[in-house]
Number of protein chains: 2
Amino acid sequence: MAAQRGEGETTTTPLEPADRERARAIPEAAVARLAVYLRVLSGMADQGVTAVSSEELSQAAGVNAAKLRKDLSYIGSYGTRGVGYDVEVLVSHIERILGLTRNHSVAVVGIGNLGHALANYGGFPGRGFPVTALFDVDADLIGVPVGGIPVSHIDDITAVCLEREVSIGVIATPPPAAQSVCDRLVSAGVQCILNFAPVVLQVPDNVEVRKVDLAVEMQILSFHVARRADEAASVSVGNNGLGVDGMVIRP
Amino acid sequence: MAAQRGEGETTTTPLEPADRERARAIPEAAVARLAVYLRVLSGMADQGVTAVSSEELSQAAGVNAAKLRKDLSYIGSYGTRGVGYDVEVLVSHIERILGLTRNHSVAVVGIGNLGHALANYGGFPGRGFPVTALFDVDADLIGVPVGGIPVSHIDDITAVCLEREVSIGVIATPPPAAQSVCDRLVSAGVQCILNFAPVVLQVPDNVEVRKVDLAVEMQILSFHVARRADEAASVSVGNNGLGVDGMVIRP
DNA sequence: TACCGCTTGTGAACGCATGCACAAAGTCGG
DNA sequence: CCGACTTTGTGCATGCGTTCACAAGCGGTA
Ligand SMILES: NC(=O)c1ccc[n+]([C@@H]2O[C@H](COP(=O)([O-])OP(=O)(O)OC[C@H]3O[C@@H](n4cnc5c(N)ncnc54)[C@H](O)[C@@H]3O)[C@@H](O)[C@H]2O)c1
Ligand SMILES: NC(=O)c1ccc[n+]([C@@H]2O[C@H](COP(=O)([O-])OP(=O)(O)OC[C@H]3O[C@@H](n4cnc5c(N)ncnc54)[C@H](O)[C@@H]3O)[C@@H](O)[C@H]2O)c1
C-alpha cells in the first residue's frame, strides 16, 4: 500500500491474477526459504551454471529435496521433468514473487555501533535494498555522512521518509527509544520494520515487523548446550543406553 | 508421553530427572519465546513487580495467553491458580532451563563492520554471554583491543578457544571465508555457532548453527510489501484514493 | 469451614508444515 | 518412433505447534 502511487497504475510490475492467488497462499516459512534459494541460485548463475536439479539445489540450500520442490511449486511450475530447473528462469520468478523487481529504500534509525555497521554494509544496495536515509538524535552526528549518506535528525523523519520513498525502516536505537521511533516510522508511512532492539513493538495491523534478537539467539544456543550437557550426564550415570522413550541414545 | 517413565515404578533418583526429560521435549519455537518472556520478566523485576498473570505477561511479550501458559507448562508448574506467577520464581526457572546459570564465553570471528559492533556491544556480558575472544586475519588488527579485548590471529583459534573455554562462536567474516572459519571453530571444540554470513554452513550433527540473515529478513518484508501492493491493486480498479481498509494511502 | 471467583494447567481439536512415495511428463539414445 | 530413464509436481500421511475450552486448584471472604 505504501508502494501504491495514486490510483490505478503502479510502478511495480503487477502480478498475473493466478500468481496473485499463489503469492497469498505461500507459507511464511517457505518465503524465507525462497529467499535462500534465490541467493544460492544467484551464486550459481554467477558461476555460469545454467541448469540445476532439485537434488543439487536442495543440497546447496541445506534443505530436503521434497521440501524444495514443494516450495517452488508454490510459485508455479517452471521446472522440466527429467531435467531440472533453468537457473535464470527460477531466479526471475522468485524475484518477481518476492517483490524484488523494484528497489526498496531502507532507512536506518540509530547510528551507533550497529547503525554504522548497517550503513556501511555493501550487501544491501546490491540486492535491491539501497539505504537512502539515516536518522539519529545525537547532534554531533547530524549531517555527518556514514556510508555516503548524511545523518538526518529524527525529527525530520516524516519529511525525509516521504521524500525518499522509504519502504523499510530499520531500528537500531537503544531499547527505550525503540517504540517511539517505531511510532514515528509508522506515521511517516513506513509499513515494514526490521527491529534490532530487544523490545516487543506494538504496531497497527497494516505494519509488518520482523525482529532480529541476538540475545535470544544466544539463549537458544545456550539451551542446546545445557540439553547436551544433561544428556551426557544422564548417560554417564548408571544408564542402560536407552533414552526416555526407549530410543537408543548412544549405540 | 515422552515424560513417562519406562514401566511401573522406576527408582527414585534424587536428581532432577523430571526437568531433564522436560527440557528434551520443549519445542524449539517455545524455547525462543521463553527467552523473550525472560527478558520481559527481568524488566518487570527491575521495576519492582513481584507477581504477574499469564494475561499480563502475554500482552507484554506480544503472544497469545494460552500459548504462554503452554510454554511455561513445558518447564513445570510454577504458577498459583487464582493468582498468577511469581516473577522471581519464573525468572530463575527459565534461566535454569535455558542453561543461563552459567556463563557462556563468546568468540567473534571477523572484526570488520559487524564484528566491531558486536565486540563493543554491552548487552551480551550482562546477560551471561561475555565476549572473551576476537579473531581476524588482517595483520593490522591483530593485538588491537576492540571492546577491551585484543584481536587474536585466526590461526590461534584452537588454542585460544580451548584456553578461554569458548562455547559460542560468532561468524562475521565475508561469505567466502565463513565455511572455513566454521570448520576451524568446530575443530576447536565449539559446538554452537551464530552465523551472520549469508552462506549455508555444513557442520557435523553435534554442532548447533543458527543464522542471522538480514538480506533474507528484508526480502521477507519485501514479499509482504508486494503482496499488499497486489491486494491494493486488485481493489484499485477504478480506485478512489482509498486503500483496502479505507485509510488514505499517500496523496 | 464452606463457598465464590479467579487463574492456571492441560486434554483435545485444529491447522499448518514436513517428508514420503509415485504418477505424470519430459529427455535421450537407438 | 519408441522405450528406458530421469526428475518434477503433488496427494497423502504424519507430526508439530497453536488455540480453545474447561476442570482443577488456590486465595479470599463470610
Ligand atoms: N551493537 C550490537 O552488536 C548489538 C547487538 C544486539 C542488539 N543490539 C541492539 O541494537 C540497538 C543498537 O545498538 P548499538 O550498540 O548500536 O547502540 P548504540 O548506543 O551504539 O547506538 C544507539 C544510537 O541510537 C541513537 N538514538 C538514541 N535515541 C534515539 C532516538 N530516539 N532516535 C534516534 N536515534 C536515537 C543514539 O544517539 C546512538 O547513536 C540496541 O537496542 C541494542 O540492544 C546491538
Ligand atoms: N555489516 C553489516 O551490517 C552486515 C549486515 C548483514 C550481513 N553481514 C555479513 O556479515 C559479515 C561481515 O560483514 P562486515 O560488514 O563486518 O564485513 P567486513 O568486510 O567489514 O569485515 C570482515 C572481516 O573479516 C575478516 N576476515 C576475512 N577473512 C577472514 C578469515 N578467514 N578469518 C578471520 N577473519 C577474516 C576481515 O579481515 C574483516 O576484518 C559478512 O558476511 C556480511 O555479509 C554484515
Side-chain angles (χ1 to χ4, degrees), chain A residues 18-19 21-37 41 44 49-87 89-90 93-94 97 220 223 244-245 247, chain B residues 1-4 18-19 21-37 41 49-87 89-90 93-94 97 220 223:
Chain A
D19 286 338
E21 288 166 29
R22 280 209 189 87
R24 210 176 312 243
I26 303 179
E28 186 86 3
V31 173
R33 287 190 297 269
L34 283 171
V36 174
Y37 305 153
L41 286 164
M44 287 177 168
V49 178
T50 59
V52 68
S53 73
S54 65
E55 188 59 39
E56 294 167 317
L57 184 52
S58 70
Q59 292 270 331
V63 303
N64 179 299
K67 195 189 319 199
L68 177 131
R69 288 200 297 275
K70 178 141 290 192
D71 287 345
L72 292 182
S73 79
Y74 290 129
I75 67 173
S77 300
Y78 303 111
T80 309
R81 298 180 185 218
V83 177
Y85 301 89
D86 182 288
V87 174
V89 169
L90 222 43
H93 280 110
I94 296 178
I97 291 287
I220 294 172
F223 169 77
V244 275
D245 46 9
M247 273 175 57
Chain B
M1 20 182 135
Q4 88 181 6
D19 284 340
E21 289 165 25
R22 279 209 189 87
R24 209 180 310 244
I26 303 181
E28 185 85 4
V31 173
R33 286 190 299 267
L34 283 171
V36 174
Y37 305 153
L41 286 165
V49 179
T50 60
V52 69
S53 73
S54 64
E55 188 58 40
E56 294 166 318
L57 184 52
S58 70
Q59 291 270 331
V63 303
N64 180 299
K67 195 189 317 201
L68 177 129
R69 287 201 298 276
K70 177 136 289 195
D71 287 346
L72 293 181
S73 79
Y74 290 128
I75 67 174
S77 300
Y78 303 111
T80 309
R81 296 176 187 223
V83 177
Y85 301 89
D86 182 289
V87 174
V89 168
L90 222 44
H93 281 109
I94 296 179
I97 291 288
I220 294 172
F223 169 76

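Lettering of chains follows the sequences in order, A, B, ..., and the numbering in each one begins at 1.
- Annotation for Met44(A) and Ala60(A): closest pair CE-CB, 4.1 Å, computed over non-hydrogen atoms.
- Counting only heavy atoms from C-beta outward, the side chains of Ile220(B) and Glu28(A) approach each other to under 4.5 Å.
- If you take CD1 of Ile75(A) and C1' of dT10(D), they are 16 Å apart, rounded to a whole angstrom.
- Residue whose closest nucleotide on DNA chain C sits further toward the 5' end, between Ser54(B) and Arg33(A): Ser54(B).
- Contact annotation: the side chain of Phe223(B) never approaches that of Leu34(A) to less than 4.5 Å [non-hydrogen atoms, C-beta and beyond].
- Checking the phosphate oxygens (OP1, OP2) of dG9(D), a side-chain nitrogen or oxygen of Tyr85(A) falls inside 4.0 Å.
- At a cut-off of 3.5 angstrom, counting only N and O atoms as typed in the model, there is a donor on one side and an acceptor on the other between the side-chain of Arg81(B) and the base of dT8(C).
- When the C1' atom of dC16(C) is taken as reference, atom CG of Asp71(A) falls 13 Å away, rounded to whole Å.
- A heavy atom lying under 4.0 Å from DNA chain C marks the following residues of residues 62-70 of chain B, by number: Arg69(B), Lys70(B).
- Rounded to an integer number of Å, the gap from Glu28(A) CD to dT18(D) P is 14 Å.
- Between Ser54(A) and Arg69(A), the shortest heavy-atom contact is OG-NH1, 3.0 Å.
- The nearest whole Å value for the distance from the CD atom in Glu55(A) to the P atom in dG19(C) is 13 Å.
- Computed from coordinates, the Leu72(A) CG to dT10(D) P distance equals 11 Å when rounded to whole Å.
- Of all non-hydrogen atoms in Leu41(A) and Val52(A), the two that sit nearest each other are CD2-CG1, 4.1 Å.
- The interatomic distance linking Ile26(B) (CD1) with dT18(D) (C1') rounds to 17 Å, in whole Å.
- Within the 4.5 Å cutoff, the side chain of Tyr37(B) has heavy atoms near those of the Val63(B) side chain.
- Note that CG of Leu72(A) and CZ of Arg33(A) are 10.5 Å apart. Values are rounded to the nearest 0.5 Å.
- Proximity of Tyr78(A) to the phosphate of dT7(D): no side-chain N or O atom is located under 4.0 Å from OP1 or OP2.
- If you take CG of Leu34(B) and C1' of dG17(D), they are 14 Å apart, rounded to a whole angstrom.
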